[in-house]
Amino acid sequence: MHQILSLVEKIPLAATAMLVTKAIFDSRLRGFTPDISDPEIMAWRDIVRRDGVHVVRNFLPTDLCSRFQSEVDVLMGRYPDAIQVDAKRADHRLFLGSLPPGAVQKFFSDVRLITCAAAFLGHDVANLATLAGRLSAVPGNIGSGGGWHRDSFTNQFKAIIYISDVGQDNGPFQYIRGSHRLSAMIRDRRRAALGAAQSRVESDKIQKLIDENADRLLTFTGRAGTLILADTTGLHRGMPIAVGTRYTLTNYYFAPRTITAARKDHFKPILGVHIPYERTATNSMESV
C-alpha cells in the first residue's frame, strides 16, 4: 500500500484525483438525510457540516459526569489488560462495547447523539463502542490520540464529552476548522506538503496552516458536561496535557452494516466484545 501511495504522489494531479474520488464515495455513502424533527439537532448537524466541529455546553449535569469518572476508574482498575496505553503512559484508553454497566450506558445509548449522527451521516447508525479516556500530565506527553491526525478521508462522526473540567492546560480537544472539506484537503495538502493519503500530520506542518489563518485553530475548553460533535475526517488532536488528569467519553458511530468483526478487531480489545463484562442481571457497577 505504501508503495502504491508513493507512486501516486509522483503522478501529476493523481493525489487530487484520489481525494475527489474519496469525496464522491463519501457522498454516495451519505445517502438521503433522515427526517429529523428536532431543530436543535439539525442546527448541530449543520454547524458540523460547515465547520467540522460544534460544541454544546452543559449537555450533561456535572454530578452525572462525576459518576462517569468514578466508573471509568473502576473499569480501568478491574480490566487492566484491556487498557491501551501510549509510550509515555499518559494516554489510557478503554473501549466499552455492547451495553456498558453502570451510568456510562446513558452516554453510550443517548438517543440525541444517535439522532445527530444519523442526520450528519445520512443513514442509520449504531455506536460501535464508547472510548473511556484518561489522560495524565506525564512529562513529554503528546496528548490524546497520538498527535494531529484524521481518522479517515470518508464519513466519520464522533461525540466526545468532557467528564472532568478541561482548561487550557488540561489537554483540550483541538480542531482545524474546515479541514474536513474536500477543497480544504486539497489546499492544505499543497500548503503543508502533505501526502495524498497522509492521516497523521507533524505539528510543524499544522503550524503552517495556522500561520496562514490563525482563526482555523479551534481549542475547546469547558466544564464537565461539555459535548463536542466532530467530523473526524478533519484534522484534530487532544492537546498535550500540562496539569492534572483529563477524563472523556467518546462514541464511535457507524452504519450498522459496516460494524463487522474486522472493524471491531481494529479497536481490539473492546470490553463486551473481545473481553466479556463480569456482571449480573442488575447491570450495576457493583457487579463489574
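The structure presented is a predicted model; accordingly, all values stated were derived computationally and were not measured. Just the heavy atoms: all of them, side chains too, but no hydrogens, waters or symmetry mates, feed the values below.
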Notebook entry, point to check: Out of curiosity, T232 OG1 to F157 CZ, how far, rounded to the nearest 0.5 Å?
Noted result: 9.0 Å
Check: How would you list all residue pairs meeting ring pair (Phe, Tyr, Trp, His ring centres under 6.0 Å) that involve residues 94-114, not counting sequence neighbours?
Finding: F95-Y252, F95-F267
Margin query: If you compare all heavy atoms of P269 against all heavy atoms of A82, which two are closest, and at what distance to 0.1 Å?
Written below: CG-O, 3.6 Å
Notebook entry, point to check: Does L131 reach the side chain of N251, with side-chain heavy atoms less than 4.5 Å apart?
Noted result: no
Note to self: Restricting to non-hydrogen atoms, name the atom on R67 and the atom on A103 that form the minimum distance, rounded to 0.1 Å.
What the structure shows: NE-CB, 3.5 Å
Item checked: 4.5 Å side-chain heavy-atom contact, W148 and E202 -> no
Check: Under 3.5 Å, is there a donor-acceptor pair between the side chain of D265 and the main chain of K268?
Finding: no
Margin query: Is it the case that atom CZ in R200 sees more than 12 heavy atoms from other parts of the structure closer than 6.0 Å?
Written below: yes
Notebook entry, point to check: Between N141 and P240, what is the shortest heavy-atom contact and its length?
Noted result: OD1-CA, 3.4 Å
Margin query: Between R190 and D188, is the salt bridge (charged side-chain N to carboxylate O under 4.0 Å, His left out) condition met? List the steps.
Written below: CA-CA 5 Å; R190 294 170 180 165; D188 292 346; over 6 Å; no
Check: Side chains of L75 and L94: closer than 4.5 Å at any heavy-atom pair?
Finding: yes
Notebook entry, point to check: Going by distance alone, is a donor N or O of one side chain under 3.5 Å from an acceptor N or O of the other, for H54 and D46?
Noted result: no
Item checked: Ion pair check, K158 and D151, cut-off under 4.0 Å -> yes
Next item on the list: Using a 4.5 Å cut-off on heavy atoms from C-beta on, say whether the side chain of V53 contacts that of I228.
Entry: yes
Notebook entry, point to check: Between A224 and D165, what is the shortest heavy-atom contact and its length?
Noted result: N-OD1, 2.9 Å
Next item on the list: State, with a plain yes or no, whether a side-chain heavy atom of Y253 is found less than 4.5 Å away from one of Q156.
Entry: no
Margin query: Working note: T233 + M185, criterion side chain to side chain contact (heavy atoms under 4.5 Å, CB included); need CA distance, chi angles, decisive distance, verdict.
Written below: CA-CA 10 Å; T233 64; M185 288 181 183; 4.1 Å; yes
Note to self: Keeping R246 on the side-chain end and N170 on the backbone end, is there a donor-acceptor pair under 3.5 Å?
What the structure shows: no
Next item on the list: Identify the two heavy atoms, one from P172 and one from T221, that lie closest to each other, and give their separation to 0.1 Å.
Entry: CB-CG2, 4.2 Å
Item checked: ILVMFWY cluster, I241 and V72 together (side-chain gap under 4.5 Å) -> no
Check: Does any N or O in the side chain of Q69 come within less than 3.5 Å of the main-chain N or O of S66, such that one atom is a donor and the other an acceptor?
Finding: no
Margin query: Can you list everything that forms a salt bridge (Lys or Arg N to Asp or Glu O under 4.0 Å) with D73? Sequence neighbours excluded, please.
Written below: R134
Note to self: Between the side chains of K88 and D86, is the shortest nitrogen-to-carboxylate-oxygen separation below 4.0 Å, so that they form an ion pair?
What the structure shows: no
Margin query: Can a donor-acceptor pair be found, under 3.5 Å and without considering hydrogens, that links the side chain of D51 to the backbone of V48?
Written below: no
Margin query: Under a 3.5 Å distance rule, please check whether R237 uses its side chain to pair with a backbone N or O of G147 as donor and acceptor.
Written below: no
Margin query: For R57 and R223: C-alpha separation, side-chain torsions, deciding distance, then whether side chain to side chain contact (heavy atoms under 4.5 Å, CB included) applies.
Written below: CA-CA 8 Å; R57 306 289 177 184; R223 299 290 301 275; over 6 Å; no
Notebook entry, point to check: Hey, does the side chain of Q105 reach the backbone of P100 with a donor-acceptor pair shorter than 3.5 angstrom?
Noted result: yes
Next item on the list: Please step through side chain to side chain contact (heavy atoms under 4.5 Å, CB included) for the pair C116 and L229, ending with a clear verdict.
Entry: CA-CA 9 Å; C116 186; L229 305 170; 3.9 Å; yes
Check: Does any non-hydrogen side-chain atom of V55 lie less than 4.5 Å from one of T226?
Finding: yes
Margin query: With a 3.5 Å distance limit and no angle check, can you tell me whether R49 reaches the backbone of F120 through a side-chain donor-acceptor pair?
Written below: yes
Check: Would a 4.5 Å heavy-atom cut-off, applied to side chains only, mark L249 and E71 as touching?
Finding: no
Checklist line | Non-hydrogen side-chain atoms of S136 and D91 separated by less than 4.5 Å | finding: no
Next item on the list: Could you check I259 against K264 for side chain to side chain contact (heavy atoms under 4.5 Å, CB included), going step by step and ending with a plain yes or no?
Entry: CA-CA 7 Å; I259 301 180; K264 292 176 182 177; 3.6 Å; yes
Item checked: Minimum heavy-atom distance between L135 and G143, given as atom pair plus value -> CD1-C, 4.0 Å
Margin query: Is it the case that over 12 heavy atoms from other parts of the model lie below 6.0 angstrom from the CG atom of D38?
Written below: yes
Note to self: According to ring pair (Phe, Tyr, Trp, His ring centres under 6.0 Å), does anything in residues 206-250 pair up with another residue at least two apart or in another chain? List the pairs.
What the structure shows: H149-H236, F173-H236
Checklist line | Residue among N213, L218, L217 satisfying side-chain contact (heavy atoms from CB on, under 4.5 Å) with D215 | finding: N213
Notebook entry, point to check: Under 3.5 Å, side chain of S179 to main-chain N/O of L235, donor-acceptor pair present?
Noted result: yes
